[in-house]
Amino acid sequence: MQVPEPSLFDEEDDAPLPARSTSAPATSRRIAHLDMDAFYASVELLRYPQLQGLPVVIGGSRRRTDDALLKQHEGLPLAEIPIEAFPLLKDYTGRGVITTATYPARQFGVGSAMGLMKAAKLCPQAILLPVDFDEYRRYSRRFKEVILEIAPVMEDRGVDEVYIDFTEVPGGQRESGRTLARLIQKSIFEATGLTCSIGVAPNKLLAKMASEFNKPKGISIVQVSDLQEKIWPLPCRKINGIGPKTDEKLQALSISTIGELAARSKGELVERFGRSYGAWLHEAAWGRDERPVVTESEPVSVSRETTFERDLHAVRDKAELAAIFTSLCERVAADLQRKGYEGRTIGVKLRYADFKSVTRDQTLDFHTADAQAIRHAAGLCLKRVDLQRRFRLLGVRVGGLRKV
DNA sequence: TCTGGGGTCCTAGGACCC
DNA sequence: TCTGGGGTCCTAGGACCC
């Protein structure tokens, strides 16, 4: 194994030691990452089992009209609606991206975040279903309840992902965690009919990568000793925290794989990526990560935004925009009230036709969750942005939250 | 025919205070 | 009058994630 050279920029010696639980020394931690398989699509398939095995894509705007096709069959149980009645991707026109694709659809090269119009070229015959967040949230709650009954230290990472600390769970160390992972998979399937993939490793970073190894329905165990063989050949993008921008910079330095990243000195990475991110890149490439599984956290901000069906202009589309703006403020206010928070930093976001975004915010000297107060402050923010150009998105955000 | 919506965290400069 | 370092808050933008 290659050992990085010490560097002038290496200030790790001065850094405080990472917090470490005395009952669970880092070397024996067993952390799992659980990822639901094609979650939104799988939930839809529970409703529409006749679509099993077909390419299905979830996404698009809620204003789609072809739901009417489904309405024609209102009298029928959902499972008996004929396949021909479902809207096809090729008939979709408008903005929007794929949120999830079934595995048969992925074979055509379509996947998350791809524009629907582009996806329609790759797989025109795919069935397109609109997103139903309320339904996904219901299933999300159910599978997380199942996990919590088995392993109480769980970190929520969104609607379809969690980290689980196996370390202190009875039997959590057996077969390096495989036994417990199997139990969780089976229990979730029995309770919901949904499948998931689980990676188990000494830390969150490696567990997250491991959960992708055997999708769908997979279980993967990664040990520290597997670093060279299983992790280093992977592209850097597989590290959670390296996105497209960083990857591009790394490529420019002839760094494509995690192993190539690990071979660079921490000093070089710190020089090129900054003290904090550079040092983190180095640690990540060596599979080191001491972050604990965090079971509770407070929200930082609440926001609502919407992309228009066509680009709008502040003057020419004044009435339409005013209505949208008011509605966004009302929805943010409702979200805050429902969650029991109020905030004092109010902001707006605009995205212009060229996709460039701007934000403006303003901190009040009082907290609020009131739609009118939010609209007033957000309105002042709006006056500080360039409203001459057409824009495609408007958003309203409230930060600086405190519990009511 | 490009590119959703909801978040978090980080950086960096300026204001302001001690 | 000039010259200092903090420290904290505010604001804007950007990277990243699900």
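To find a chain, count down the sequence lines: A is the first, B the second, and so on, and within it residues start at 1.
- Nucleic acid contact class of K339(A) (heavy atoms, under 4.0 Å, all strands): sugar-phosphate only.
- Using a 4.0 Å heavy-atom criterion, one finds that S112(A) contacts no nucleic acid atom at all.
- A cation-pi arrangement is absent between R138(A) and Y136(A) under the rule of less than 6.0 angstrom and at most 45 degrees off the ring axis.
- When heavy atoms are screened at a 4.0 angstrom cut-off, I58(A) is found touching no nucleic acid atom at all.
- I98(A) comes within 4.0 angstrom of no nucleic acid atom, judged by non-hydrogen atoms across all strands.
- A side-chain N or O of R375(A) and one of T326(A) form a donor-acceptor pair less than 3.5 Å apart.
- Its glycosidic angle being more than 90° from 0, dC2(C) falls on the anti side.
- Other residues, nucleotides and ligands contribute at most 12 non-hydrogen atoms within 6.0 Å of the NZ atom of K118(A).
- Each of R351(A) and V300(A) was matched to the nucleotide of DNA chain B holding its nearest heavy atom; the match closer to the 5' end belongs to R351(A).
- In this structure, K349(A) reaches neither bases nor backbone, as no heavy-atom distance under 4.0 Å exists between it and the strands shown.
- Protein chain A contacts DNA chain C from dC10(C) to dC18(C), reading 5' to 3' and using non-hydrogen atoms of the protein with a distance under 4.0 Å.
- Side-chain atoms of S176(A) and Q223(A) form a donor-acceptor pair, as typed in the model, at a separation below 3.5 Å.
- Residue E229(A) qualifies as open at atom CD: its count of foreign heavy atoms under 6.0 Å is 12 or below.
- Within the 4.0 angstrom heavy-atom criterion, base atoms lie near V97(A).
- In this structure, dC18(B) and dG5(C) make a Watson-Crick or G-U wobble pair, each of the two defining distances being under 3.5 angstrom.
- Residue contacts shown for R397(A) are absent, as no nucleic acid heavy atom lies under 4.0 Å away.
- Within 4.0 Å (heavy atoms only), K118(A) reaches no atom of the nucleic acid at all.
- In the displayed structure, R174(A) atom CZ is contacted under 6.0 Å by at most 12 heavy atoms of other residues, nucleotides or ligands.
- Nucleotides dG4(C) and dC17(B) place their C1' atoms 14 Å apart, quoted to the nearest Å.
- Sequence order on DNA chain B of the closest nucleotides to E298(A) and F355(A) puts F355(A) first from the 5' end.
- At a threshold of 4.0 angstrom between heavy atoms, the contacts of T93(A) with the nucleic acid are absent.
- Taking the ring centre of Y352(A) as origin, the terminal cationic atom of R389(A) falls inside the region bounded by 6.0 Å and 45° from the ring axis.
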